[in-house]
Amino acid sequence: MSAATVLKEADKSMNLHDLYQRNTACGYRDDLTFSASEVQSIAARLRGATAISALMIATINREEFAVSEYIQSGLVEAMHVLTSDVQSSLERRNSTTQKAKEAACMSA
């Protein structure tokens with residue numbers, strides 16, 4: 001990397017306002033805390049989704065590995081259920097955190 005490139009990169013200052021806007025645009029404004037069992041459950045569902053996606057990628061080359069349309073549609077549905085469930089867990093925890101924060105502000 002040339003000295004000019006390093007200087008150019010160093011001149012880029014972090015814009016905290018833009019960073020905040022990007023983070024809040026998705027609806028997550030606070031750090032979320034999960035219990036160990038919730039983390040284990042989310043991790044298990046994500047591992048399942050990863051395994052399904054690996055299998056679906058493997059089926060792209062039908063000459064080497066083929067699955068029936070019935071199995072393929074089942075895999076797609078399982079992937080949808082697993083990822084939707086993880087998203088619901090995150091949304092539920094975010095909502096709980098927001099409500100707790102609002103309650104704390106009202107009581108203060």
Side-chain angles (χ1 to χ4, degrees):
M1 183 179 286
S2 71
T5 304
V6 171
L7 288 175
K8 187 176 179 182
E9 290 295 318
D11 281 344
K12 291 182 182 178
S13 60
M14 182 188 317
N15 186 332
L16 291 177
H17 182 72
D18 285 345
L19 183 61
Y20 174 79
Q21 293 290 2
R22 281 185 295 188
N23 288 339
T24 59
C26 64
Y28 295 97
R29 292 174 179 81
D30 298 299
D31 291 335
L32 303 179
T33 305
F34 293 91
S35 68
S37 63
E38 289 173 312
V39 172
Q40 291 168 356
S41 177
I42 289 171
R45 288 177 275 173
L46 291 174
R47 281 192 301 272
T50 300
I52 291 168
S53 66
L55 184 58
M56 292 175 74
I57 290 169
T59 63
I60 290 173
N61 186 354
R62 292 193 173 265
E63 293 174 7
E64 294 180 21
F65 187 78
V67 295
S68 70
E69 287 183 22
Y70 177 77
I71 296 292
Q72 192 169 16
S73 65
L75 291 171
V76 169
E77 185 175 342
M79 176 73 87
H80 174 73
V81 169
L82 287 169
T83 55
S84 295
D85 196 33
V86 168
Q87 182 180 2
S88 293
S89 293
L90 295 173
E91 294 293 334
R92 203 169 31 254
R93 176 58 64 190
N94 188 50
S95 178
T96 302
T97 302
Q98 289 296 320
K99 287 177 184 174
K101 184 179 178 184
E102 289 169 6
C105 287
M106 294 230 178
S107 65

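This one's a predicted model, so the numbers in the text were calculated from it and none came from an experiment.
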S.K.: Check for me, please, whether V76 and Y70 land in the same ILVMFWY cluster - side-chain distances under 4.5 Å, paths through other members count.
M.R.: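 Per the 4.5 Å side-chain linkage, V76 and Y70 are co-clustered.
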S.K.: Between atom CZ of F34 and atom OG1 of T97, what is the distance when rounded to the nearest 0.5 Å?
M.R.: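 F34 CZ to T97 OG1: 7.5 Å, rounded to 0.5 Å.
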S.K.: What distance separates I71 CD1 from T59 OG1, expressed to the nearest 0.5 Å?
M.R.: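 Rounded to the nearest 0.5 Å, the CD1-OG1 separation comes out at 11.5 Å.
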S.K.: Could you list all the salt bridge (charged side-chain N to carboxylate O under 4.0 Å, His left out) pairs where at least one residue sits in residues 66-75, not counting sequence neighbours?
M.R.: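 Non-adjacent pairs meeting salt bridge (charged side-chain N to carboxylate O under 4.0 Å, His left out): zero.
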S.K.: Identify every side-chain donor-acceptor pair in residues 46-57 under 3.5 Å, counting partners at least two apart or on other chains, and give the distances.
M.R.:
residue	atom	partner	partner atom	Å
T50	OG1	L46	O	2.9
S53	OG	A49	O	3.3
S53	OG	T50	O	2.8

S.K.: Just jot down the side chain to side chain contact (heavy atoms under 4.5 Å, CB included) partners of S88, sequence neighbours excluded, or say none.
M.R.: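 Side chain to side chain contact (heavy atoms under 4.5 Å, CB included) list for S88, sorted by chain: R92.
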S.K.: Run the side chain to side chain contact (heavy atoms under 4.5 Å, CB included) test against S37 and tell me which residues pass, sequence neighbours left out.
M.R.: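 Per chain and number, S37 pairs via side chain to side chain contact (heavy atoms under 4.5 Å, CB included) with S35.
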S.K.: Check whether V81 and L75 end up in the same hydrophobic cluster, where Ile, Leu, Val, Met, Phe, Trp and Tyr are linked by side-chain heavy atoms less than 4.5 Å apart.
M.R.: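 They do not share one cluster, since no chain of ILVMFWY contacts under 4.5 Å joins V81 to L75.
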S.K.: What is the distance from atom CD of Q98 to atom CG of N94, rounded to the nearest 0.5 Å?
M.R.: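 Between Q98 CD and N94 CG, I get 5.5 Å after rounding to 0.5 Å.
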S.K.: Could you tell me which residues satisfy side chain to side chain donor-acceptor pair (under 3.5 Å) with R45, sequence neighbours excluded, listed by chain and number?
M.R.: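 Residues passing side chain to side chain donor-acceptor pair (under 3.5 Å) with R45: S41, D85, S89.
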S.K.: So, using salt bridge (charged side-chain N to carboxylate O under 4.0 Å, His left out) as the criterion, who are the partners of E38 when residues are at least two apart?
M.R.: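 Applying salt bridge (charged side-chain N to carboxylate O under 4.0 Å, His left out) to E38 gives R93.
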